[in-house]
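Before any comments, here is the structure.
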Amino acid sequence: MSCYDTLIDYGLRSIGIGARLLPKTDITLCDQFVLIGSGMIWNVYFAVFAMTLGFGIATLVAVGKASENPWASVPAKAFIFVFRGSPLFIQFFLAYELFVLIPKVGIDINLGFATITAETRWLTKAWLGAVIVLFLNTSAYSGEIFYGALRAIPKGDIEAADAFGMSGFRKFRRIIWPAMLRLAWPSYTNEAIFMFHATTLVFFSGFPAWRQSGDALYYASYFADKTFNPFVSYPIIGIYFVSFTLIIITLFGWANKRLNRHIAPEQKIKFRFKPQFIR
Amino acid sequence: MKKLIIAAALVAMTTSATAQTIRMGTEGAYPPYNFINDDGEVDGLERELGDVLCEIAGLDCVWVTNDWDSIIPNLVSGNYDTIIAGMSITDERDEVIDFTQEYVPADPSAYMALAGGDVDVDTGVIAAQTSTIQASYIASSGATVVEFASPDETVAAVRSGEVDAVLADRAFLADIVAESNGELVFIGEVNIGGGVGIGVRESDAELKAALNAAIEVVKADGRLNEMVKRWLDIDANY
Amino acid sequence: MEMCADPSTLDGINWWTCYLTTGKHQAFYASFGTVLLLLAITAPVVMVLGFGGAMARKSKILPLRWFGLAYTNIVRGVPDIIFFLFVPIAMDQGIEYLRHQIKCPDVLEPIRQGNDFVVCSIAKMPLSSSPQWIHEVYGFSLASIAFALVFGAFAANTLYGAMNAVPRAQLETAEAFGMSERQVFWRVQVKQMWLYALPGLSNLWMILIKATPLLFLLGVEDIVYWARELGGSKTSKFTYPHPDWRLYYFAFLMVFYLLMTWASEKVFNRITKRLSHGQATVGAGS
């Protein structure tokens, strides 16, 4: 079987398209590269959805923690403490156990043009359940990062906004929020990288793999198990992750440039990949 | 290694005084084959059998546990000298390591489900432990395989209704079924995998010979039949 | 204990007293010590590796700089689980290979025989005749090294950033006092960088704490290993049969980690106050 055939059979195997059975004997290097690459689809999916959903909530959490109203700050602080203070590994386990306990029912959701039935049993599947856990986790970490940035916004910026007669939501939307993002961006980039790395925990602890469709680490350990040799598949998944990490750094670097485009050169925030927050 | 050959030759008569240390690798999470008992010690059929075999072969044995996932890589890289962990003799494994003769006959794998359900094991959703022969069997049958990291989770998934049934070694499920007050039942059996043997490195021919000879002894004097019956409720008839 | 001799007759509080003091539970409690010990051993090694990595990146020798850059970036680009899955076994084989070359150079048989990795018996690390505790200490050391390697890369990056964050003016002042380049580095830059490194290092410590549930991957019988082992449902083959209690055991671990985080935050707040003393930064003086 040529490597091209392997690509057709296994390129999308992780999402259930292609050959039904995984290679069992005569495993080639090509098999390993293709299947582990196919598994990366899940890692990207988890990271993108969790980060996108988490972005909005993180802003709310940050504003909540900075608020003087205890009804807002206490829950925000507790949320951040619990999700930043415990290992993601254990969060996955507890969340899965919790999701399993929820009675299995279907809830009809009317979308106007069609009605879909949302089933609570979806929560026990990785595509929804794991995204929820990762989403809550990243919200807490990003919330803390944004909170730090909120407190670092120069007083002058806010006074200038007041002088323009801005207030309430408008001031937040036009002045505070962009300044917060600009200050938080380097740390937020790290968070994105660590969130991406953390997606390897999904099938490793907590969520079961259906129809042998799993993430990159699932296939890497599948090959390590089938070939009884950890020295090939794990370095391959390492190569994938280093490459994707570089892509994240590039994308976030562009965004950083955009966020800083109006700032005088000497005040620009230097873009550095430094370890600030992880789980 | 010379010592071992002698030990193998004299195996029926004597226990050697100058013993060589053999590290016995097991999983410690697969009752009744092997598990960690409440005192924190390795226990189970394989512990009892292993100690007897070591005594017969005049080997000084220590027990170590290792995660199932990496149990073969750690054997070939020499972290311990045998795998005695309910491991079925399969062709794929046999390519990488060697097996002694079997000490437990091929035990059918069994499907376990909630009582009163109507489950079709050929089309339903079936749980198994990741990277077991049962998992690959379900994958190649018409059923949908759901893989969990540990055997406990597979059973929990049946109880919670996550999956229709679980496929695992019958001996492992037997106690669970017996003690579920009728909640769980066996709904079918299938023969996969061969007997269970002790895994050794391919380069360890002497150790393999010594263990084979010792197994021969316990088979001949009926001790093995008794142990297998007591722990696994299987009639071995060796 | 005497009364625990026949657990099947026990009930209520007595059953619990006996259950929670079994040998297995004692191993579970002891494993909390293992985790703390790992943290205590790893943290200084991480600092040394981090300092070395940061020095390498600042080095004037190009290959050394490359090495520092490669170390910090590759290690941080790979998820730590993947690192843990094969680094210890690779290190183990590396050590035994070297010992084989030194201790029995006259053995001509190849080390790799098919799939097997075979070294002469005196090159084994540790010797297979060594008592079990030596094996455990060795496995634990490998785990510590794997942890230190990963987190050293992060520390290197933090310390490198902190060295560069020391205000130029302070270094120039030191030069003006006639200090040599070496003296400026050791007496001023290294002394002053800690304040700038502290936020990054405190985060790293939190990360290190939260990475410890992965210890069981490294073959160390840690708290997660025992929590799984004890929590799993037990049939009557066991002395203390019970249904699936993993949820409770993991909830207990969660509390442990939250407490660790809480205590660490307190300590770091104190150190920050101390270090800011006499520094011209926003955090000082309060």
Side-chain angles (χ1 to χ4, degrees), chain B residues 1 19-23 28-29 31-33 35-41 43-45 60 62-67 69-81 93 95-98 149-153 155-156 159-160 172-180 200-204 231, chain C residues 4 7 18-19 21-28 30 85-86 88-90 92-93 96 109-110 112-119 121 123-125 127-132 135-136 138-139 216-219 221 225-226 228-241 243-244 246-247:
Chain B
M1 277 300 158
Q20 168 158 7
T21 308
I22 296 294
R23 293 166 58 78
Y33 285 90
F35 56 91
I36 311 285
N37 67 14
D38 288 293
D39 293 328
E41 301 256 337
D43 202 343
L45 164 71
D60 186 9
V62 252
W63 288 85
V64 286
T65 53
N66 195 91
D67 221 35
D69 285 345
S70 59
I71 205 161
I72 291 181
N74 275 311
L75 174 76
V76 295
S77 73
N79 288 348
Y80 33 81
D81 306 301
R93 288 173 182 148
E95 274 174 28
V96 182
I97 57 176
D98 264 356
S150 71
D152 267 327
E153 282 162 281
V155 176
R159 283 214 161 94
S160 68
F172 167 72
L173 295 174
D175 283 340
I176 298 171
V177 169
E179 288 165 30
S180 68
V200 292
R201 278 183 296 275
E202 287 184 330
S203 49
D204 256 359
W231 284 102
Chain C
C4 300
C18 291
Y19 174 65
T21 51
T22 55
K24 216 167 167 180
H25 270 88
Q26 282 168 19
F28 176 53
L85 280 172
F86 82 102
I89 201 167
D92 182 42
Q93 293 197 354
E96 290 191 346
E109 286 169 27
R112 286 231 163 262
Q113 299 177 15
N115 294 297
D116 293 1
F117 181 84
V118 185
V119 293
S121 60
K124 278 248 167 258
M125 184 78 180
L127 298 173
S128 54
S129 56
S130 314
Q132 181 58 19
H135 284 271
E136 270 165 29
Y138 177 69
F216 78 96
L217 286 183
L218 301 169
E221 291 175 356
Y225 173 86
W226 286 114
R228 271 191 183 170
E229 188 55 56
L230 287 163
S233 59
K234 298 283 176 287
T235 61
S236 54
K237 282 271 185 318
F238 292 82
T239 336
Y240 298 91
D244 190 348
R246 281 175 304 152
L247 189 59

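Chain letters run A, B, ... following the sequence lines, proteins first and then strands; every chain starts at 1. Atom set for the values below is all heavy atoms of this structure, side chains included, hydrogens, waters and symmetry mates excluded. Source: prediction; values computed, not measured.
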Structural part of [X] lying under 4.5 Å from a heavy atom of chain B:
{"X": "Tyr138(C)", "answer": "neither"}
{"X": "Gln26(C)", "answer": "neither"}
{"X": "Glu136(C)", "answer": "neither"}

**Between CG on residue Asp92(C) and CG on residue Asn74(B), distance to nearest 0.5 Å** =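 If I round to the nearest 0.5 Å, the distance is 8.0 Å.
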Which bit of [X] is near chain C, if near means a heavy-atom gap under 4.5 Å: side chain, backbone, both or neither?
{"X": "Pro151(B)", "value": "neither"}
{"X": "Glu41(B)", "value": "neither"}
{"X": "Tyr80(B)", "value": "neither"}
{"X": "Glu179(B)", "value": "side chain"}
{"X": "Arg201(B)", "value": "both"}

**Message:** Which one wins on heavy-atom pair count under 4.5 Å against chain C: Asp38(B), Ile36(B), Ile72(B)?
**Reply:**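 Maximum pair count with chain C is reached by Asp38(B).
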**Request:** Could you tell me whether the side chain of Pro73(B) reaches within less than 4.5 Å of the side chain of Ile89(C), counting heavy atoms only?
**Result:**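 Yes. Closest side-chain heavy atoms under 4.5 Å.
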Specify the closest pair of heavy atoms between [X] and [Y], including all atoms of both residues, with the distance to one decimal.
{"X": "Glu229(C)", "Y": "Ala29(B)", "answer": "OE1-CB, 4.4 Å"}
{"X": "Gly78(B)", "Y": "Lys124(C)", "answer": "O-NZ, 3.2 Å"}
{"X": "Ser77(B)", "Y": "Gln93(C)", "answer": "CB-NE2, 2.8 Å"}

**Evaluation steps, side-chain contact (heavy atoms from CB on, under 4.5 Å), between Asp244(C) and Arg159(B)** = CA-CA 11 Å; Asp244(C) 190 348; Arg159(B) 283 214 161 94; 6.0 Å; no
**Prompt:** Counting N and O atoms only, with roles assigned by atom type, does the side chain of Asp175(B) sit under 3.5 Å from a partner on the main chain of Thr235(C), one being a donor and the other an acceptor?
**Reply:**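 The answer is no, because no donor-acceptor pair under 3.5 Å joins these two groups.
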